[in-house]
Protein chains: 2
Amino acid sequence: MRRDSRLSRMLHVLIHMDRIDGAATSDRIAQMLGTNPVVVRRTMAGLRDGGYVHSEKGHGGGWVLTRPLSEITMLDIHRALGNPELFAISVAVDHPECLVEQAVNSALGSAFDAAEQLLIDKFASVTLADLADEFDQRMAKITTKPTCELV
Amino acid sequence: MRRDSRLSRMLHVLIHMDRIDGAATSDRIAQMLGTNPVVVRRTMAGLRDGGYVHSEKGHGGGWVLTRPLSEITMLDIHRALGNPELFAISVAVDHPECLVEQAVNSALGSAFDAAEQLLIDKFASVTLADLADEFDQRMAKITTKPTCELV
DNA sequence: CATCTCGCAACAACAAAAGTTTCGAAATCC
DNA sequence: GGATTTCGAAACTTTTGTTGTTGCGAGATG
Ligand code: FES
Ligand code: FES
C-alpha cells in the first residue's frame, strides 16, 4: 500500500513559497518534489479551493500564498487535501448482524477514534509559521548551509 | 488504497473459535469472511507462528486456539500479523538535506508517533476475553438473537 | 502573435493486496 | 492400502487506487 505523502510535501512547498520572490510555477515545484507539474496542479487545486494559494497564468505566473503562514495550520492543509484517510487499517463488516464482530469493531473503532482526535488536535495546534520558525532555528544552528538550486 | 482489515477479521474469527467445538477449517473460516481458504491460511500463518493457534491436517483437522482468550491481547494479534503499518499517511523525503522538509517532518513525525503510541497502548490493554465479555453483554441485551449458520 | 502557464480530461503505468490455481504432504477414515 | 480431508506453499491473475503522462484548451504577458 503506497502511503500518501501529500500533506508533508505541501507543507514543505508552502513554506518555501513564503520565502521566495514572486510566483512558483508548477514546473518548479514538480522538480522540488521529483514529480511532474500535472500532479502538482492536481494537489494544489485543493489548496486553491481552500483559499490558501492563488494561481496566475501566463508569464511570471504560478502559485502564490494568499495569506500569512501564521494563519494556516497543518490541519487546514490536511482538510484542503480532502481530509485523506489517516489510517491504513479499518474494521471489516462481513456480518453486520454478528455481535462478535460488533464487539470487536467497537473496541477497534474507539481506539482509532481516540488516535484520530489526537492527531487532529495536534495538526490544529501547529501553524506553518511555527514550522518556519523551527526551520529558522535549525538553520541558525548549523554552519555549512546546504545549497539547493530549486529555491 | 484498500485498507487492511485483517486485524478486525482475525479477532472476530478467534473469538468464534473459542466458542465452537473442535477445529475450524480454513474453508469454514473463509465462508465467514467471504473469502477463500488460501487467504485464510495465509493470514492465519502469522498467528500460528506466534503460537496463538495450531493447525491440524486431515479429517477433523483445522485451526484451534492454543491458549485462553484472556492471554491474548489485540496487540498480540496485531504483531502476529506482521506489525502492519497503521497509518495511511507518511512523510516525504524528497530532499533529506532541506531544513524545511526536516522541520515539517519532525512535526508530523512526532504527531504520528504519539498517535501510534496511543493505539499500541490501547491494543495492549484489551484482551480477547474482554471482547468476548463485551459480546456476552450485547447478547444479553437483545431479545431476538441473530442466527448464523456458520458458527 | 509567440510564449508561458494553469485547467482539465483521458489514458497508461505501477504497486500492493487479495483472490485463484495447482501441487504436495500429512492425518484420518474405511 | 486407498480414498478423503485438510493444511502448506508457490506461482499466477485480478482488482483497486494512486501516480504519472499526454494532449488540448484558455488566459496572461511581452
Ligand atoms: S460470523 Fe460472527 S456470527 Fe456468523
Ligand atoms: S527543496 Fe527544500 S530546499 Fe530544495
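In this text, all values refer to a predicted model and were calculated from it rather than measured experimentally. Chain naming here is simple, since letters A, B, ... match the order of the sequence lines and numbering starts at 1 in each.
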Should K122(B) and D113(A) count as an ion pair when the cut-off is N to O under 4.0 Å? no

dA9(D) OP1/OP2 closer than 4.0 Å to side-chain N/O of R48(B): yes

Of G58(A) and G34(A), the one whose closest DNA chain D nucleotide lies more 5': G34(A)

Less than 4.0 angstrom between a side-chain N/O of T25(A) and OP1 or OP2 of dT5(C), yes or no? no

In this structure, how many angstroms lie between the P atom of dC6(C) and the CG atom of L47(A), rounded? 14 Å

Find the distance R6(B):CZ to dG19(C):P and express it as a whole number of Å. 12 Å

Within one Ile-Leu-Val-Met-Phe-Trp-Tyr cluster: L7(B) and F87(A), side-chain cutoff 4.5 Å: yes

Closest non-hydrogen contact found for M17(A) with V53(A) is CE-CG1, 4.0 Å

Taking every heavy atom of M32(A) against every heavy atom of H95(B), the minimum-distance pair comes out as O-NE2, 2.7 Å

Using a cut-off of less than 4.0 Å, is there contact between a side-chain N or O of S55(B) and OP1 or OP2 of dG8(D)? yes

As a quick check of understanding, evaluate side-chain hydrogen bond (donor to acceptor under 3.5 Å, both in side chains) for D121(A) and Q117(A), giving each step before the final call. CA-CA 6 Å; D121(A) 288 350; Q117(A) 196 55 54; 3.1 Å; yes

Given atom CG of L33(A) and atom P of dT19(D), what is their separation to the nearest angstrom? 12 Å

To the nearest Å, how far apart are M44(A) CE and dC8(C) C1'? 17 Å

What is the distance from CD1 of I89(A) to P of dA18(C), rounded to the nearest Å? 11 Å

Extract from the structure each pairing of a protein N or O with an N or O of nucleotides 21-25 of chain D at less than 3.5 Å, listing the distance.
residue: dT21(D); atom: OP2; partner: N36(A); partner atom: ND2; Å: 3.0

Taking C-beta and beyond as the side chain, do L14(B) and Y52(B) meet within less than 4.5 Å on heavy atoms? no

If each of S5(B) and A45(A) is mapped to the nucleotide of DNA chain C with the nearest heavy atom, which maps nearer the 5' terminus, i.e. the 5' end? A45(A)

Hydrophobic side-chain clustering at under 4.5 Å (ILVMFWY, transitive links): who's grouped with L118(B)? Put none if nobody. L118(A)

Value in whole Å for how far the P atom of dC7(D) lies from NE2 of H59(B): 12 Å

Whole angstrom is fine here: how far is it from CG in D4(B) over to P in dT16(D)? 17 Å

Length of the CD-P vector between Q31(A) and dG20(D), whole Å: 15 Å

